[in-house]
Amino acid sequence: MIQARGITRTYQTHGSFTGDRTVRALRGVDFTLPDGGAVSFIGESGCGKTTLGKILTGLETFDGGELVVDGVELSKLRPRQREKYFRRIQMIHQDPYSALNPTRTVEATLGDPLRMRAREKAAAGEQAGSWRERAAELLTLVGLEPTAVLPKYPHQLSGGQRQRVVIARALTVDPTVLIADEAVSMIDVSMRLGILSLLRDLRARLGISLVFITHDVATARYVGDGGELHVIYRGEVVERGLTDEVILSPVHPYTQCLLSAVPVMRGLEEPGPDRTAPTAALDERTPTPGCLFQPRCPFAGAQCAEKHPVLVPFGLDAAGQGEAAAAEDGSGHVHACFYPESRRVVGVEVGAASA
Amino acid sequence: MSEVEVRDLTVEYQTSVGWLPAVAGASLDLRAGQITGLVGESGSGKSTLALSLLNAVPAPGRIAGGTIEVAGVGDLTRLGGKQLRKARGGAIGYVFQASQNSLNPLKTIGRQLLDLGRSHEVGDLRALIARAKDLANRMGLDGDRVLDSYQHELSGGMRQRVGIVFALVLNAKVLILDEPTTALDMLSQASVLDIVRKVHDENQLSTLIITHDIGAISEIADRLAVMYGGRIVEDGPLLDVLRRPTHPYTKALIGATARITGDVDGARALPGRPPDLTTVARAGCVFRDRCPFAVEVCAQTEPELETFESGRRRACHVEPSTVLTGPVLTGTTGTPAAVGEPA
Amino acid sequence: MAATATLAASVRSRRPALTAFRKAVTRKPGRIIGLAIIVFFVLLAICGPWFYGRLAVDPNSLYAAPSAKHWLGTDFAGSDVLQEVVTGARYVLATAALSALFTSLFGVTIGLVAGYQRGLTDSALMRLTDFVLTIPGLPLLIILSTVWNFGSPWKMGLILGVTGWGGVARAVRSQALSLRERGFLEAARGLGLSRRHILLKEMLPNVAPYAAMQLMLSMIAFIGAEVGLFFLGLVPFSSTNWGVMLNQAVFSGGAMETPSALIYLLAPLVCILVLTLGIVLFLDAIDELFNPRLRERV
Ligand SMILES: Nc1ncnc2c1ncn2[C@@H]1O[C@H](COP(=O)(O)OP(=O)(O)OP(=O)(O)O)[C@@H](O)[C@H]1O
Ligand SMILES: Nc1ncnc2c1ncn2[C@@H]1O[C@H](COP(=O)(O)OP(=O)(O)O)[C@@H](O)[C@H]1O
Ligand code: SF4
Ligand code: SF4
Ligand SMILES: [Mg+2]
Ligand SMILES: [Mg+2]
């Protein structure tokens, strides 16, 4: 179980052309990942998704908020002690072409962490089988033929096969959480569903929980049931709810723009009736004291430029009146918008529309 | 009427085992005023086909046969030297795969534009710049700012648009885009596709878009051609092909696309991996080892690309109706490289 | 489970490194020539002096033209030129090899560690590198030559190596820095693999081609430097080598005026040029030796 509370990360950049700049990559992100559960994050490029993934795997530090793993607050631990917790959280990288060392065979890539793991197990007095057997087992688990794949170099594998090897490598240290950062966006569409169903399968079979990071909302549907979807914009979660609920009735204009951008399979689907688009491109340099999305929002109103909206349950107005679609503890469908309105923006299957 | 007519095009690359075809006997028309989408998995020969439309197959490749008739230019495979250079850019605008990275990092966009103009011996460079600015503005860019920018100052989506400006600034009537949205996020992809459609309509182009994402192309294309193992295996009007795919590969591709609505369990990844030059079948149908419909004859004779009803062609031995009503590829017929694919 | 065990065991066979080497070298004729030249000179350096036990001087034939007895003629003192070229090779090559050894040891280690650690370690190591890069090698050697004689290649190699690793360290560091951001290194850190493993097994093979390339290039520079030192007469002659020959040919033999000394001048020069050419030709193979993707092409 992972609980993140108000995670912030600010970068100071020193560009030779642009001068010094402060980039607020994350501005207080909360989420809860139950054991065996799944949470997804969607957002456009540069909105802080990878930063979040790196923080969760210990590859990047955070400068505010707290991260609680299995009840232990990580910021209270010394770096050495933290490692143990981060080890259980493994990352699957965005780019299967750089995620594997080009000079090492699959066997070497899996062998080293497996041998390390075997030594640790032996030291702890646990039963540790042969690492070769374990390598073969893991490759079979991720849907690869061990004999064919073990002696190969990364360039001899297809994008989908590489991504499977990357997943097998993450599994070598028996993690309880996988962070999939755009795990399928760089591989052929034809291979994507295979990887997604593998992730879903790992959840079901090994009880591994999953943080799924993507800009393609459609893929978030394929990683399994019961997942919450977090829509992240410029380092801030602007809408959250059950994946299907957010997709079918998004209330935040940014979510609506993201979902409208998903291509419609004409002939098989019809565009949603309320399809919309941002009114401008992302420009992080102009200050936005009010709603971060205000300069691009097609539905911006009077309050938006001055006040900063915070996450509230959908159905309640700013004064806390009305019928909430969210539970007391903050789970359920929440959004950060002054003028929330449910809109139908995603494509509808032809035939299903009339029914 | 067709702006570009490709007939029996064969393009070969030299490998350790001799010259092997990456495109084998492909025939394709780019109709005037229409957007044609060319889809297929990576390695199916899409880029090679597109590059040969510029007669610019990279070494160690060569056009080994066939003709490419471009309206107003003639058979491109016979052109060389100056005439060919004029055709590239002048008649056919090309936006390269990963064109985000194909700009010169050391020169501003404007200077690169001037270089382009000079190399095409454009007399009036002022007019060229004006036209580029106009194109950029119509694509939602700030023309003046973009021309003064270096590549690193632009986002991926902006660079893709700059690529389109370069392709069209010399008044090309044919526009070819290779994987224009592959590295972009959904919002940028949507706006680039939007812009392509708009520029296409405004300039009455004949456009070819290459992609592995059948979903993305279905937003804007008028016609769809499907490529596999160097062959065009099916083509026709887009809506019709999507509704009634008659080639098992087309059907599998559609079925493998993650969709935002509908049944999650209905979609299936393609098992196995697409062939490359050296592994593609020499005899019979190139798709047969992944095909759930394969029959005996598929191993012996290669199916011809034939018109089976008005405006539609396919290359398959099995009846269209059988494919239409039959199963989508299931994840169980994996090749040795990907057995045990979890359902 | 037994089945998977045998499966796993059966795939252990790897392509032997030797085959890979052979393939990379034989792919282009230039590489074969390059390797042949290098091997030739190495053999010359190792075995050459055995054939000419002692330096035979023939005072009766000064500046003799090439003949059956003296293939390349003789020098001003009547020594056989071929013999001098052969015996001189050992010193030149030994020095170059030693300095290359030091250079790679220091350069690669410091570059890798600096690039991987970043932060304070990086700054400290890079200041050191900058310092080494600014040490004027030639003057240092001249000064040192007043206390040391450079009769043994050891000292010369050591000095050249210790003052010459800066370039390699910089090249390796910049490679290491860009590698660090690659997914597979992040993964290795995330998996908790040791720093030793990351440096030696993940990073080293990836920087090796650049390091090797830099190394070969610095060897060319080292050969030039040492020969130059002797040629200019900046260090005392303590052995026979090509630099001394050049110096003698020009300053004592008057090769510039008398054509009879021309061969004496040309012999070491041609050797240096051919050896350099050999290294340059062989450089081409290096990328392929380390890069499995390039190696792959049959
Ligand atoms: N090391 C860094 N130094 C400075 N700024 C950084 C650094 N890493 C990330 N950023 C900035 O933080 C913001 C979030 O970046 P991040 O990589 O997390 O985005 P992302 O959502 O993963 O985007 P993408 O879809 O392109 O992968 C961006 O504005 C980025 O430029
Ligand atoms: N320069 C080249 N040399 C040899 N083979 C090549 C070269 N370029 C492409 N190929 C091969 O030709 C086939 C088609 O490649 P390509 O046209 O790039 O496909 P796509 O664009 O559909 O991904 C592939 O098998 C690829 O490996
Ligand atoms: S708060 Fe205003 S500007 Fe922000 S998303 Fe809602 S309507 Fe748009
Ligand atoms: S020809 Fe045969 S193998 Fe090829 S696609 Fe048709 S049914 Fe499948
Ligand atoms: Mg990212
Ligand atoms: Mg391509």
Side-chain angles (χ1 to χ4, degrees), chain A residues 17 42-46 140-145 148-149 157-161 164 184-186 188-198 200-202 205 215-219 221-222 247-248 257-269 277-278 281-282 346-350 352, chain B residues 39 41-43 140 150 152-153 155-158 182-191 193-194 211-221 238-243 252-262 264 267-271 273-274 331 334 336-343:
Chain A
F17 295 101
I42 64 163
E44 70 195 296
S45 210
T140 314
L141 180 68
V142 298
L144 295 171
E145 172 74 63
V149 171
L157 304 172
S158 74
Q161 289 175 321
R164 286 171 197 269
V184 296
S185 63
M186 295 196 60
D188 257 38
V189 166
S190 61
M191 309 274 162
R192 287 183 186 171
L193 284 178
I195 300 293
L196 292 171
S197 60
L198 169 60
R200 180 162 57 165
D201 195 52
L202 292 176
R205 274 210 257 170
H215 66 247
D216 181 1
V217 203
T219 54
R221 299 176 67 224
Y222 291 80
I247 288 176
L248 291 177
C257 291
L258 273 186
L259 291 170
S260 302
V262 176
V264 171
M265 273 257 209
R266 283 188 306 135
L268 304 176
E269 294 166 0
L282 176 61
V346 296
V348 188
E349 266 192 299
V350 174
Chain B
V39 294
E41 287 166 280
S42 77
Y150 288 91
H152 69 265
E153 297 167 4
S155 72
M158 286 162 94
T182 295
L184 304 179
D185 68 41
M186 281 291 158
L187 281 174
S188 318
Q189 164 170 305
S191 77
L193 290 178
D194 223 38
T211 178
H212 64 94
D213 188 348
I214 205 169
I217 197 108
S218 73
E219 273 274 335
I220 64 164
L238 177 114
L239 289 184
D240 200 29
V241 175
L242 285 183
R243 280 200 203 108
L253 266 190
I254 296 171
T257 309
R259 305 261 294 277
I260 192 99
T261 49
V264 171
R268 285 269 181 281
L270 258 78
R273 63 190 287 187
V339 292
E341 186 121 9

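All figures in this text were calculated on a predicted structure; none of them were measured in a lab. Reminder, nothing fancy here: chain letters follow the sequence lines and each chain counts from 1.
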> Top residue by heavy-atom pair count (under 4.5 Å) with chain A, among B/Ala190, B/Ser191, B/Ser188, B/Gly215?
Replying inline: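 When all of B/Ala190, B/Ser191, B/Ser188, B/Gly215 are compared, B/Gly215 has the most.
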Any donor-acceptor pair under 3.5 Å from [X] side chain to [Y] backbone:
X        : Y        : answer
A/Arg266 : B/Ala221 : yes
A/Glu44  : B/Leu187 : no
B/Ser218 : A/Gly267 : no
A/Asp188 : B/Ser42  : yes

Could you tell me if the side chain of [Y] sits less than 4.5 Å from the side chain of [X], heavy atoms only?
X        : Y        : value
B/Val264 : A/Arg200 : yes
B/Arg259 : A/Glu269 : yes
B/Ile260 : A/Leu259 : yes
A/Val189 : B/Leu253 : no
B/Ile254 : A/Met265 : yes
B/Thr261 : A/Val348 : no
A/Ile42  : B/Met186 : no
A/Ser197 : B/Arg268 : no

Closest contact, heavy atoms only, [X] versus [Y]:
X        : Y        : answer
B/Asp185 : A/Ser45  : OD2-N, 2.7 Å
B/Glu219 : A/Val262 : OE2-O, 4.1 Å
A/Arg221 : B/Gly262 : NH2-O, 2.6 Å
A/Gly194 : B/Ala269 : N-CB, 3.1 Å

> Side chain, backbone, both or neither: which part of A/Leu258 has a heavy atom under 4.5 Å from chain B?
Replying inline: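 Answer is both: backbone and side chain atoms of A/Leu258 are under 4.5 Å from chain B.
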> Do the side-chain N and O atoms of A/Ser190 and B/Glu41 include a donor-acceptor pair separated by under 3.5 angstrom?
Replying inline: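 Distance-only check passes for A/Ser190 and B/Glu41.
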> So which part of B/Leu193 gets closer than 4.5 Å to some heavy atom of chain A, the side chain, the backbone, both or neither?
Replying inline: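 Interface part for B/Leu193: neither.
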